[in-house]
Amino acid sequence: MTRHDIAGCGALLLWAFLGVLARMAAGIPPLQLTAMGMAVGGGLALAVVVAQGRLSCLRQGGLAWAHGVGGLFGYHALYFAALALAPAVEANLLNYLWPLLIVLLSAPLLGMRLGMARLAGVALGLSGCALLLGNGAGFPVGALPGFLCAAAGALVWALYSVTARRMSGIPTEAVAGFCLGAALLAGLAHLAFEQTVLPDARQGLAVLLLGLGPLGAAFFLWDAGMKRGDPRLLGVLAYAVPVASTLLLLAAGEGTAGWRVLAAALLVTGGGLLAAWGGGQGRHAAPAAVS
């Protein structure tokens with residue numbers, strides 16, 4: 001395993017903490033949380049870019065900015081809304097359909113062959129979500145908007161990741177600008193639709209950690225891993241994130257480890273692994289991130 005592979009693994013580890021840190025910031029409206037977290041991550045990244053004399057990398061075309069800002073803003077706003085409106089563990093697992101959706105969307109958008117093994121993996125993951133949310137799950141009616149946000153977020157990140165493969169020439173440093181653009185867009189939407197909440201010490205720490213890790217350093221570590229590491233290895237390891245994220249939420253007291261949760265986690269992760277190994281090339285199954 002090279003240092004670039006280790007960098008990619010570091011991104012996966014940081015993303016596993018996204019759910020538990022978002023719950024730690026509970027009480028901050030989703031759009032406000034998105035704006036604050038992205039501002040921290042983007043601001044720190046911009047400082048690094050300026051120090052390296054690479055500020056010119058932010059000069060990208062309108063399509064690149066629309067893709068970067070729209071993807072980062074849309075996914076994280078929907079993800080934080082899902083955790084705020086629905087039971088955290090179940091919403092988190094439903095959101096982690098995005099690796100499977102990447103596999104499914106790679107055929108119509110990138111012309112990649114799916115094959116029976118990958119289709120079986122997608123079906124296995126979907127069956128896990130059906131088990132999680134089906135009859136007998138006992139969720140309140142009010143949780144439905146949260147689950148819809150989780151599914152929509154998964155679709156947004158999958159579309160963003162698949163289409164990012166067509167923009168591989170965009171330098172990693174441009175992500176700093178995309179983060180700040182997403183922060184600005186989320187901030188404007190927050191002022192229009194939400195009531196501002198002044199964070200307490202716990203929430204402030206959560207926002208800082210989100211910006212430093214899952215909403216900051218993770219994007220750049222993943223880019224290094226995907227461009228200069230072994231994408232097949234990282235593609236397979238990416239499917240461990242749903243289980244790791246769920247276990248962290250359970251350890252933090254967010255939900256209970258009932259048989260439905262455990263079985264759904266195994267089905268979602270197992271479906272991802274089957275989809276990744278089925279074609280023999282993890283590159284196509286892994287999220288293309290924000291290169």
Side-chain angles (χ1 to χ4, degrees), residues 10-45 69 71-96 98 142-143 145-154 156-157 175-176 178-221 241-242 244-256 290:
L12 296 175
L13 179 62
L14 289 174
W15 279 332
F17 283 89
L18 180 61
V20 72
L21 288 176
R23 290 305 301 159
M24 184 177 170
I28 299 179
L31 292 172
Q32 180 184 345
L33 181 58
T34 304
M36 294 173 68
M38 287 289 184
V40 172
L44 180 62
V69 173
L72 294 179
F73 164 73
Y75 170 73
H76 290 95
L78 287 166
Y79 180 75
F80 293 145
L83 295 189
L85 298 173
V89 170
E90 288 79 1
N92 184 67
L93 273 175
L94 183 60
N95 175 262
Y96 276 107
W98 59 258
F147 290 137
L148 291 176
C149 285
V156 167
W157 192 253
V175 177
F178 300 156
C179 285
L180 291 175
L184 177 61
L185 186 58
L188 293 174
H190 160 67
L191 293 175
F193 300 111
E194 295 176 338
Q195 184 71 34
T196 301
V197 173
L198 183 64
D200 57 23
R202 172 183 59 84
Q203 293 167 328
L205 177 61
V207 170
L208 177 62
L209 292 176
L210 279 168
L212 292 175
L215 302 187
F219 296 139
F220 299 89
L221 291 171
V241 176
S245 182
T246 299
L247 291 176
L248 286 170
L249 283 169
L250 291 171
E254 298 288 345
T256 57
V290 287

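Values reported hereafter were calculated over all heavy atoms of this structure, with side chains retained and with hydrogens, waters and symmetry mates removed. The structure presented is a predicted model; accordingly, all values stated were derived computationally and were not measured.
- Across all non-hydrogen atoms, the minimal contact from P214 to F17 is CG-C, 4.4 Å.
- To the nearest 0.5 Å, atom CG of residue L72 and atom CZ of residue F178 are 8.5 Å apart.
- The minimum heavy-atom distance between A82 and G146, with the atom names listed, is CB-O, 3.3 Å.
- Side-chain atoms of L215 and L18, non-hydrogen and from C-beta on, do get closer than 4.5 Å to each other.
- Shortest non-hydrogen contact noted between L33 and A25 is CD1-CB, 3.8 Å.
- A distance of 11.0 Å separates CD1 of I28 from OG1 of T196, quoted to the nearest 0.5 Å.
- Using a 4.5 Å cut-off on side-chain heavy atoms (C-beta onward), T246 and Y96 make no contact.
- Looking at every heavy atom in both residues, A183 comes nearest to A39 through CB-N, 3.5 Å.
- To the nearest 0.5 angstrom, L31 atom CG is 8.0 Å from F193 atom CZ.
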What's the verdict on side chain to side chain contact (heavy atoms under 4.5 Å, CB included) for N95 and Y75, showing C-alpha distance, side-chain angles and the deciding distance? CA-CA 10 Å; N95 175 262; Y75 170 73; 2.9 Å; yes

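- Taking 4.5 Å as the limit, some side-chain heavy atom of P87 sits within range of a side-chain heavy atom of F147.
- Taking each heavy atom of A22 and L83 in turn, the nearest pair found is CB-CD1, 3.6 Å.
- For the residue pair P145 and G142, the shortest heavy atom distance occurs at CD-O, 3.2 Å.
- Here the CG atom belonging to L250 is positioned 9.5 Å from the OG atom belonging to S245, to the nearest 0.5 angstrom.
- With hydrogens and angles ignored, the 3.5 Å screen pairs no side-chain donor or acceptor of E254 with any backbone N or O of R23.
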May I have the list of side-chain donor-acceptor pairs in residues 201-211 shorter than 3.5 Å, sequence neighbours left out?
residue	atom	partner	partner atom	Å
R202	NH1	M24	O	2.1
Q203	OE1	D200	N	3.0
Q203	NE2	A26	O	2.8

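- Between the SG atom of C149 and the OH atom of Y79 there is a distance of 13.0 Å, given to the nearest 0.5 Å.
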